[in-house]
Amino acid sequence: MRTSRFPLFTSKETPADAEIVSHRLMLRAGLIEKIGAGLYTWQPLGLRVMRRVEQIVREEMDGIGGLEVLMPAVQPAELWQQSGRWSLYGPELLRLQDRHERDFCIGPTHEEVITDYLRRELRSYRQLPLTYYQIQTKFRDEIRPRFGVMRAREFVMKDAYSFHLDQASLEATYRDMHGAYSRVFERLDLRFRSVGADSGAIGGSVSEEFMVLAESGEDEIASCNACDYAANTELAASRPAVPSAAGALPAEERATPGIHSVAEQCEALGLSPEQVVKSVVVMADGAPAVLFVAGDDELNLVKAAHALEAEAVRLAEPDEALAATGVPRGFIGPKGLPDGLRRVVDHRAAGLANFSSGAGRADWHWINLNWERDAPLPETADLRTVNAGEGCPRCNEGQLEIHRGIEVGHIFQLGTKYSESMDARVLDEDGDLQPLIMGCYGIGVSRVVAAAIEQNHDDRGIIWPAPLAPFDVAIVSIGADRSPAVAEAAEQLYNELRAAGLDPLWDDRDARPGVKFADMELIGIPHRIVVGDRGLKAGTLEYRARTADEAEEIPVDQVVSVLRGRIGSPSSSSAG
RNA sequence: CGGGGUGUAGCGCAGUCUGGUAGCGCACCUGCAUGGGGUGCAGGUGGUCGGCGGUUCGAAUCCGUCCACCCCGACCA
């Protein structure tokens, strides 16, 4: 391709509302163009990159026997009503009506459609197992789209679904899928980890996320520095703390007018936060519950949802908390709560002795409380978010490290959630009707492009890992309009590179050299050949890798073979 | 949804407080020079000042309303 026929639409200006580097660079390099909140046009340059991601994903899906399909973006409400998600899915689900006032949604995911497909078409258990996948545009009406295509409303996703007669078959495909995902991200040259994850709104039990490691990531992952334990901090556990062995002291009630926060409580009573049990009122599927965690711990709402066996848990509003407990916020504690109010205590908070907490009436706190002696110990559960440096829950040797990551893939063992609610069943070999056992597996294709930039850039722009690059090599001709020798040499190189099976971008614009260099670096082409009079006189062309500090002179007749070697070799493709 | 902020040329912004009919940089076009790291000089093109309504002799500016976009929202439990 020649830049004279492939406008780059790059920009020197840094867009005002782009907060993270991938967003800025995608706009500046002319990969995407915003047309509304969370809505982007993929320009030709950006689409080339996304297509390369898609191709690798497609090859790996095909490689484990996946069958590509394409399902409709617009889905009838009826299917979602059958699965129960029409009412469970919140405002993220974009709903609309057609001219007949029938309800539809724009698919944020396709479990319902694929399950409907299989229940219609599947004839016999002998056809199982089956895996289908598609690469398609999804829509989720995010509360706050941000970070460009990283959290867009409309985005491209590869979603796959597998169907099985038994759990063992599901687990085999799940392992295959884990392998395929690992190969995808390895081939993309990304640093990533797979981590244990919460299943969230999709449902099911076992799930793992694939996280591209990046400081700008919206997720936190905890991983062990000694073994291979890794999990999203939404559900990561740590080695239990040793319960306090301190002898019980006499409980005392202290006046604490106007004291609300743990910090204020500690200062007023001369305590440190780990001597405090804080009491959090939450609403679990609309029903109040009180949760107790140590003063220096953070309540983890995902864990709370598991402990309370609720679909959704949120913090109670002040009026809800007051209505549920009869106690003003800040003074709630294990004593003085209404009977029948659900309560759960975190393991660590349950192990505290002589702790302080709200007195259950305004302006008073207790100190030296002990479970059982002063208040019955509620059911215990893991409710806290782990911190860096805590012991690994698996190996008893390592310590947890906390990293940030960008979720680019998520695989789930769904089980029968959709097949049972949607009545997708098949006769087994004994003639018994069995619900299909399902798995589902997603890759955020458009997000991968942004994640790759987060990991591979410098102050000049993008540095594409070779497998993602929109072009393999940039040819920069200098002064071609004044030097027939340059024009001829550039044209010849361009043709030879194409004949060699490479995809070159020839910057044949009549522009200053600096402009061309800056653009080629901004858009991140991994290799660059400069064709100029200076080198031609010496019979050489200048070669420079995007990651290299220095250029090197290569004899004209060796350039093609040198490039073929470097573009093909792993060492030249691992950028940054 | 709550709080805050911003809408002025393709992009980034000033002008708004104190009303008088719109400006700067980049980009773009033309000419000349330059020609291996975003070049220089000169001359140009381009704006319903987010929409609607109001106040006023006069509104980008004041008032009302609507819209769009951006940022922040448990850890007072």
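Every chain is numbered from 1, with letters handed out A, B, ... down the list of sequences. All of these numbers come straight from a predicted model, not from anything done at the bench. In what follows, every heavy atom counts, from backbone to side chain, and hydrogens, waters and symmetry copies are set aside.
For the pair A:Gln43 (side chain) and A:Ile32 (backbone), a donor-acceptor distance under 3.5 Å is present.
Across all strands shown, B:C1 pairs with B:G73; the Watson-Crick or G-U wobble distances both stay below 3.5 Å. Remark: B:U39 base-pairs with B:A33. Criterion, Watson-Crick or G-U wobble with two distances under 3.5 Å. As the counterpart of B:U16, no nucleotide is assigned, since no Watson-Crick or G-U wobble pattern has both distances under 3.5 Å. Using N1 to N3 plus N6-O4 or O6-N4 for Watson-Crick, or N1-O2 and O6-N3 for G-U wobble, each under 3.5 Å, B:C62 pairs with B:G54. Pairing partner, B:A68: B:U6, with both Watson-Crick or wobble hydrogen-bond distances short of 3.5 Å. Across all strands shown, B:G44 is found opposite B:C28 as a Watson-Crick or G-U wobble partner, with both distances under 3.5 Å.
Between A:Glu542 atom CD and B:G36 atom C1' there is a gap of 8 Å when expressed in whole angstrom units. Atom C1' of nucleotide B:G36 and atom CD of A:Glu550 are separated by 15 Å, given to the nearest angstrom. B:C70 atom C1' lies 17 Å from atom CD1 of A:Ile35, rounded to whole Å. The distance between atom CG of A:Asp458 and atom P of B:G37, rounded to the nearest whole Å, is 19 Å. Across the protein-nucleic acid pair, A:Arg153 atom CZ and B:C69 atom C1' stand 11 Å apart, rounded to whole Å.
Listed nucleotides B:G37, B:G36, B:C69 differ in distance to A:Arg534; the shortest reach to its side chain belongs to B:G36. The nucleotide whose nearest atom lies closest to any side-chain atom of A:Asp481 is, among B:G36, B:C69, B:G35, B:G35. Residue A:Glu13 places its side chain closer to B:G12 than to any other of B:G36, B:G12, B:G37.
Residues that satisfy the salt bridge (charged side-chain N to carboxylate O under 4.0 Å, His left out) test with A:Glu454, not counting sequence neighbours, are absent from this structure. Checked against salt bridge (charged side-chain N to carboxylate O under 4.0 Å, His left out), A:Asp296 has the following partners two or more places apart in sequence or in another chain: A:Arg348. For the salt bridge (charged side-chain N to carboxylate O under 4.0 Å, His left out) test, residues two or more places apart in sequence or in another chain that qualify with A:Arg384 are A:Asp297, A:Glu390. Here A:Arg48 pairs with A:Asp503 under the side-chain hydrogen bond (donor to acceptor under 3.5 Å, both in side chains) rule; sequence neighbours left out. Not counting sequence neighbours, A:Glu215 has no partner by the side-chain hydrogen bond (donor to acceptor under 3.5 Å, both in side chains) test. Qualifying side chain to side chain contact (heavy atoms under 4.5 Å, CB included) partners for A:Glu491, counting only residues two or more places apart in sequence or in other chains: A:Arg2, A:Asn495, A:Trp506. Residues satisfying the salt bridge (charged side-chain N to carboxylate O under 4.0 Å, His left out) test with A:Arg498, not counting sequence neighbours, are none.
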Below 3.5 Å between N/O atoms, which protein atoms pair up with nucleotides 38-47 of chain B? Just atom names and distances, please.
residue	atom	partner	partner atom	Å
B:G38	O2'	A:Lys12	NZ	3.3
B:G38	N2	A:Asp519	OD1	3.0

Write down the protein N/O and nucleotide N/O pairs, taken from nucleotides 72-75 of chain B, whose separation is under 3.5 Å; answer none if there are no such pairs.
residue	atom	partner	partner atom	Å
B:C72	OP2	A:Arg144	NH1	2.4
B:C72	OP2	A:Arg144	NH2	2.4
B:A74	N6	A:Glu298	OE2	2.1
B:A74	N1	A:Glu298	OE2	3.3
B:C75	O2'	A:Lys278	NZ	3.4

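For the segment residues 342-354 of chain A, the set of residues with a heavy atom within less than 4.0 Å of an atom of RNA chain B is empty.
Between the P atoms of B:C69 and B:C11, the separation comes to 15 Å (whole Å). When the P atom is used for both B:U55 and B:G15, the distance is 29 Å, rounded to whole Å.
Other residues, nucleotides and ligands place more than 12 heavy atoms under 6.0 Å from the CG atom of A:Leu341.
Neither OP1 nor OP2 of B:C69 sits under 4.0 Å from any side-chain N or O of A:Lys34.
The distance between the ring centers of A:Trp366 and A:Phe355 does not fall below 6.0 angstrom.
Take the nearest nucleotide of RNA chain B for A:Val281 and for A:Glu553: the residue whose nucleotide is more 5' is A:Glu553. Taking the nucleotide of RNA chain B with the nearest heavy atom to each of A:Ile259 and A:Glu521, the more 5' of the two is matched to A:Glu521.
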Just distance, no hydrogens or angles: give the donor-acceptor pairs under 3.5 Å from side chains in residues 284-295 of chain A, sequence neighbours left out.
residue	atom	partner	partner atom	Å
A:Asp285	OD1	A:Glu311	N	3.1
A:Asp285	OD1	A:Ala312	N	2.8
A:Asp285	OD2	A:Glu311	N	2.8

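Donor-acceptor pairing under 3.5 Å, judged by distance alone, is present between the side chain of A:Arg528 and the base of B:G37.
A:Arg95 forms no cation-pi arrangement with A:Phe104, by the criterion of a distance under 6.0 Å to the ring centre and an angle within 45° of the ring axis.
At the heavy-atom level, A:Gly479 lies nowhere under 4.0 Å from the strands shown.
For residues 310-345 of chain A, every residue pair satisfying the ring-ring contact (aromatic ring centres under 6.0 Å, His included) rule, not counting sequence neighbours, is listed here: A:His260-A:Phe331, A:Phe331-A:His365.
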